[in-house]
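Data first, discussion second: the structure below is written as structure tokens.
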Amino acid sequence: MDSLDLQVLQQARDWRAQGRAAWLVTVIETWGSAPRPPGALLAMRDDGLVVGSVSGGCVEDDLIERVRGGERVARPSLITYGVTKEEAARFGLPCGGNLRLVQEPLLDTAWVDQILERTARHELVARRLDLDSGEVGIEPAARGEAFRFDGRQLRALFGPRWRLLIVGAGQLSRAVAQMALMLDFEVICCDPREEYHLSWDIPDTRFSKAMPDDLVLELQLDPHSAVVAVTHDPKLDDMVLLEALKSPAFYVGALGSRGNTARRMERLALFDLSPAEIGRLHGPVGLDLGGKSPAEIAVAIVAEIVAVKNGVALVQKKEGSAVAQAPGVCARP
């Protein structure tokens, strides 16, 4: 459900609209260590131009050479890389990894339009490809489903872009927004205070002057949505939390010290929120990285959002990693 795959589909559709031939390549199976998971997508134009990735580079080079050499796949076909140790080394597959792909010509783009339209409405959909006939079907998908391939049909999931609602338009919000954009989040900033919204100028973001709780209801937050409240104004932060904590948003966080967070939870308990809903609040927001500047605090916030999005336990360091040393102190061997 990587939203970058939606960009791959959009680019392939645009190539076809320009009269160019295009092919889609999908990872269907991997063995051992492989750089890209099943479902990863690449689009390739008739002159070898590509967008997306199925291996991280080396396999793409071979696919490009095939097209530039005149190969024109007319129906869905299977390609396997790395069957032998020599091939794995040749194509840069780590640790002897193997990779199996489906390459298909993009002939009809109506199904691409359908996926782009439905995911823009924050729907989760699946594309079903029959390798025998080349027929493509689009159908609803449920959260928790995974990519499937049974030898004849593949079923790949496409979901809406991850999106982040930032409440408050101060310096910290600007840093969080810029980092989230780099991670391909759709970013929305909300601040009804006149003195703040006039200075918001982060490109490729949406700005709203609505009251935060009203905007949460308007956005209809889904499991692809995250909310961070950083206004330092309890009236605004608490308003958005009252609605966001009841929503399916995968992450809800609020800036504040441990003391302020405890008092905030006491206030929230006075309203129609259950203990489980209040317990969803990430506060103090972000990982404890010891940051002091807005940029460092933004790193901590965005890192926590990414960890929750990816279902990773919120630990400070990976098991087995080096222990941080104080400045000027060398670890003994």
Worksheet item: With a cut-off of 6.0 Å (strictly less than), are more than 12 heavy atoms of other residues, nucleotides or ligands near CD of Gln171?
Response: no

Worksheet item: Please walk me through it: do Arg128 and Glu139 pass salt bridge (Lys or Arg N to Asp or Glu O under 4.0 Å)?
Response: CA-CA 8 Å; Arg128 180 177 33 79; Glu139 54 197 32; 3.3 Å; yes

Practice prompt. Please confirm whether the backbone N or O of Val73 pairs with a side-chain atom of Trp23, one donor and one acceptor, at under 3.5 Å?
Written response: yes

Discussion item. Using only atom types and a distance under 3.5 Å, with no angle test, would you say the side chain of Arg45 pairs donor to acceptor with the backbone of Ala12?
Written reply: no

Discussion item. Is it the case that over 12 heavy atoms from other parts of the model lie below 6.0 angstrom from the CD atom of Glu135?
Written reply: no

Item to complete: Tell me, with the steps shown, if Asp204 and Val187 meet side-chain contact (heavy atoms from CB on, under 4.5 Å).
Response: CA-CA 8 Å; Asp204 301 319; Val187 177; over 6 Å; no

Discussion item. Tell me whether Arg100 contacts the main-chain N or O of Ile79 through its side chain, where contact means a donor paired with an acceptor under 3.5 Å.
Written reply: no

Worksheet item: Taking atom CD of Glu296 as the centre, does the number of heavy atoms from other residues, nucleotides or ligands within less than 6.0 Å exceed 12?
Response: yes

Worksheet entry | Expected output: side-chain Arg280 to main-chain Leu245 donor-acceptor under 3.5 Å | yes

Worksheet item: With distance as the sole criterion, is a donor-acceptor pair present between the side chains of Thr109 and Arg16 under 3.5 Å?
Response: no

Worksheet item: Would you say the side chains of Trp200 and Ser173 form a donor-acceptor pair under 3.5 Å?
Response: no

Worksheet item: Within a radius of less than 6.0 Å around NZ of Lys209, do more than 12 heavy atoms belonging to other residues, nucleotides or ligands occur?
Response: no

Item to complete: Show your working on side-chain contact (heavy atoms from CB on, under 4.5 Å) between Lys246 and Leu273 and close with a plain yes or no.
Response: CA-CA 7 Å; Lys246 292 185 288 186; Leu273 290 175; 3.3 Å; yes

Worksheet item: Stepwise, does the side-chain contact (heavy atoms from CB on, under 4.5 Å) test hold for Ile188 with Ile166?
Response: CA-CA 6 Å; Ile188 305 157; Ile166 306 170; over 6 Å; no

Item to complete: Assess the side chains of Asp132 and Gln153: does a donor N or O sit below 3.5 Å from an acceptor N or O?
Response: no

Worksheet item: How are the rings of Phe250 and Trp162 set relative to one another: parallel (under 30°), tilted (30 to 60°) or perpendicular (over 60°)?
Response: perpendicular

Discussion item. Tell me if a side-chain donor or acceptor on Glu277 pairs with a main-chain N or O of Ser274 at a distance below 3.5 Å.
Written reply: yes

Discussion item. Can you confirm whether Arg258 is buried at CZ, in the sense that more than 12 heavy atoms of other residues, nucleotides or ligands lie under 6.0 Å from that atom?
Written reply: no

